[in-house]
Visitor: 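Mind looking over this structure? Questions follow.
Numbers for residues simply follow the sequence, beginning at 1.
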Amino acid sequence: MTTTRTVQQLHDLSGRTALVTGGSRGLGLQMAQALGEAGAKVLISARKAGELAEAVALLRAQGLDVDSVAADAGDEAGALALADAALARLGHIDILVNNAGTTWGAPAEAMPTEAWDKVVNLNLRGLFLLSREVARRSMIPRRQGRIVNTASIAALGGSLGMSAAAYHASKGAVVALTKALAAEWGPHNINVNAILPGLFPSRMSKHLMTPDKVRERAAHLPLQRIGDDEGLKGVVLLFASDAGKHITGQALAVDGGASALVAG
């Protein structure tokens, strides 16, 4: 007779390992904290060792099992080196959160080619390379894994007043890649999903975050507020745990209802 687990047991990540890229601050740090609080052993990565050290100190002070590795996942060598380091530290990877990302603000007709390449290489190419390595070296052989990709509601279309074509294109491609990998790796018992955050406080969005701008943007959202330091914890835990074991290939907007509105 099958024993039915409780809701708490379904969300429990005790004994599991997680790699979170872009995990030293902002949304990545929030998600790393959630996974650690649920019991996972977490390895966070980012480019700057100093910011990683601060994040590790913060999370360890909360009693979480967290370590870090400095890496730049924006090129192939960096992505492969990160996979090597993560597998050496963790032994295997149960959960991969691809959160590292960047943007570049410029009108499309004036965007430098190198700016386009920088955004697409980190947001899409690096995400694929790391996912490929983790899948074939850890998840597929063990026949289990959860991959969570951070996209954006920018994947759903353009926006007036935001000139960032490379960012929109890369995040739209992340959603398509999420669905393709979910279909291909599902037979290996690997779930692949994407989170589409709306406006959250972050270094990337700081130019949008003056008090007046926050009030203005929040007033146009159904929930009339922007995201906070807890807004992604529940969804990343759902996608990473057995609570979401039958969910794959999905792109979930966490945006205060912005994507529910009809333009007009």
Side-chain angles (χ1 to χ4, degrees), residues 5 7 10-13 16-23 27-28 30-32 34-35 38 40 73 79 83 86 92-101 119-120 122-158 167-198 200 227 231-260:
R5 288 177 287 177
V7 169
L10 287 170
H11 286 88
D12 185 18
L13 297 179
R16 300 193 193 181
T17 61
L19 170 61
V20 181
T21 69
L27 303 184
Q30 177 182 155
M31 291 189 284
L35 299 177
H92 63 268
I93 298 171
D94 295 307
I95 303 157
L96 171 61
V97 179
N98 286 305
N99 177 71
V119 173
V120 173
L122 179 57
N123 293 3
L124 179 61
R125 189 169 184 265
L127 180 153
F128 168 72
L129 292 172
L130 185 59
S131 298
R132 181 191 70 188
E133 293 303 303
V134 169
R136 73 182 181 185
R137 295 167 61 181
S138 183
M139 293 182 175
I140 291 175
R142 299 179 72 244
R143 291 196 54 77
Q144 65 179 43
R146 301 285 193 273
I147 298 176
V148 183
N149 297 323
T150 301
S152 167
I153 60 168
L156 304 178
Y167 184 76
H168 283 269
S170 66
K171 293 303 186 179
V174 166
V175 172
L177 178 62
T178 295
K179 294 178 180 295
L181 295 181
E184 190 167 341
W185 290 344
H188 300 291
N189 197 33
I190 299 171
N191 300 56
V192 189
N193 291 290
I195 301 173
L196 280 61
F200 278 74
L232 295 186
K233 286 186 174 183
V235 65
V236 74
L237 184 55
L238 172 65
F239 285 157
S241 71
D242 287 350
K245 65 182 179 180
H246 205 53
I247 303 172
T248 197
Q250 300 306 302
L252 178 60
V254 184
D255 61 358
S259 55

Visitor: To the nearest 0.5 Å, how far apart are CG in L19 and CD1 in I95?
Guide: 10.5 Å
Visitor: Quick one: do V120 and R125 satisfy side-chain contact (heavy atoms from CB on, under 4.5 Å)? Show the steps, please.
Guide: CA-CA 6 Å; V120 173; R125 189 169 184 265; 5.5 Å; no
Visitor: Search all heavy atoms of A151 against all heavy atoms of V174 and return the closest pair with its distance.
Guide: CB-CG1, 4.0 Å
Visitor: In the structure I gave you, are the side-chain heavy atoms of F239 and V97 within less than 4.5 Å of one another anywhere?
Guide: no
Visitor: Can a donor-acceptor pair be found, under 3.5 Å and without considering hydrogens, that links the side chain of Q30 to the backbone of L232?
Guide: yes
Visitor: How far does CG of L96 sit from CD of E133, to the nearest 0.5 angstrom?
Guide: 11.5 Å
Visitor: Search all heavy atoms of S131 against all heavy atoms of L181 and return the closest pair with its distance.
Guide: CB-CD1, 4.4 Å
Visitor: Mind checking the CE-CZ spacing from M139 to R132? Nearest 0.5 Å is all I need.
Guide: 15.0 Å
Visitor: After noting the C-alpha distance and the side-chain angles of N191 and T248, does the key distance pass the side chain to side chain donor-acceptor pair (under 3.5 Å) rule?
Guide: CA-CA 5 Å; N191 300 56; T248 197; 4.6 Å; no
Visitor: May I ask you to decide if T150's main-chain N or O and K171's side chain share a donor-acceptor pair within less than 3.5 Å?
Guide: yes
Visitor: Taking L124's backbone N and O only, do any of them form a donor-acceptor pair with S170's side chain (distance below 3.5 Å, no angle check)?
Guide: no
Visitor: So which atom in A79 and which in L129 form the shortest heavy-atom distance, rounded to 0.1 Å?
Guide: CB-CB, 4.0 Å
Visitor: Between the side chain of N99 and the main-chain N/O of G22, is any donor-acceptor distance below 3.5 Å?
Guide: yes
Visitor: Any donor-acceptor pair under 3.5 Å linking the side chain of S138 with the backbone of A135?
Guide: no
Visitor: Does G145 offer a backbone N or O that forms a donor-acceptor pair with the side chain of D94 under 3.5 Å?
Guide: no
Visitor: Please evaluate residues H92 and R137 with respect to the criterion side-chain contact (heavy atoms from CB on, under 4.5 Å), reporting the C-alpha separation (whole Å), side-chain torsions for both, the decisive distance (0.1 Å), and the verdict.
Guide: CA-CA 8 Å; H92 63 268; R137 295 167 61 181; over 6 Å; no
Visitor: Compare every heavy atom of R146 with every heavy atom of A240, then report the nearest pair and how far apart it is.
Guide: O-CG, 3.4 Å
Visitor: Output the distance between atom CD (Q250) and atom CG (L238), rounded to the nearest 0.5 Å.
Guide: 11.0 Å
Visitor: Donor-acceptor pair, H168 side chain versus G157 backbone, under 3.5 Å?
Guide: yes
Visitor: Output the distance between atom CG (N123) and atom CG (N149), rounded to the nearest 0.5 Å.
Guide: 11.0 Å
Visitor: For the backbone of P187 and the side chain of R143, can you confirm whether one donor and one acceptor N or O come within less than 3.5 Å of each other?
Guide: yes
Visitor: Check whether any side-chain heavy atom of L27 lies under 4.5 Å from a side-chain heavy atom of I195, and answer yes or no.
Guide: no
Visitor: Set out, in order, the CA-CA distance, both residues' side-chain angles and the distance that settles side-chain contact (heavy atoms from CB on, under 4.5 Å) for L156 and V175, then state yes or no.
Guide: CA-CA 9 Å; L156 304 178; V175 172; 6.0 Å; no
Visitor: Looking at side-chain heavy atoms only, is the closest gap between L196 and D255 below 4.5 Å?
Guide: no
Visitor: Ignoring hydrogens, what is the shortest heavy-atom contact between A100 and T21? Give both atom names and the distance.
Guide: N-OG1, 2.9 Å
Visitor: Atom CZ in R16, atom CG in D242: separation rounded to 0.5 Å?
Guide: 4.0 Å
Visitor: Under the 3.5 angstrom rule, does the side chain of N193 hit a backbone N or O of I247 as a donor-acceptor pair?
Guide: yes
Visitor: For a quick test of reading the model, state the closest non-hydrogen atom pair linking I153 to A258 and the distance between them.
Guide: CD1-CB, 4.1 Å
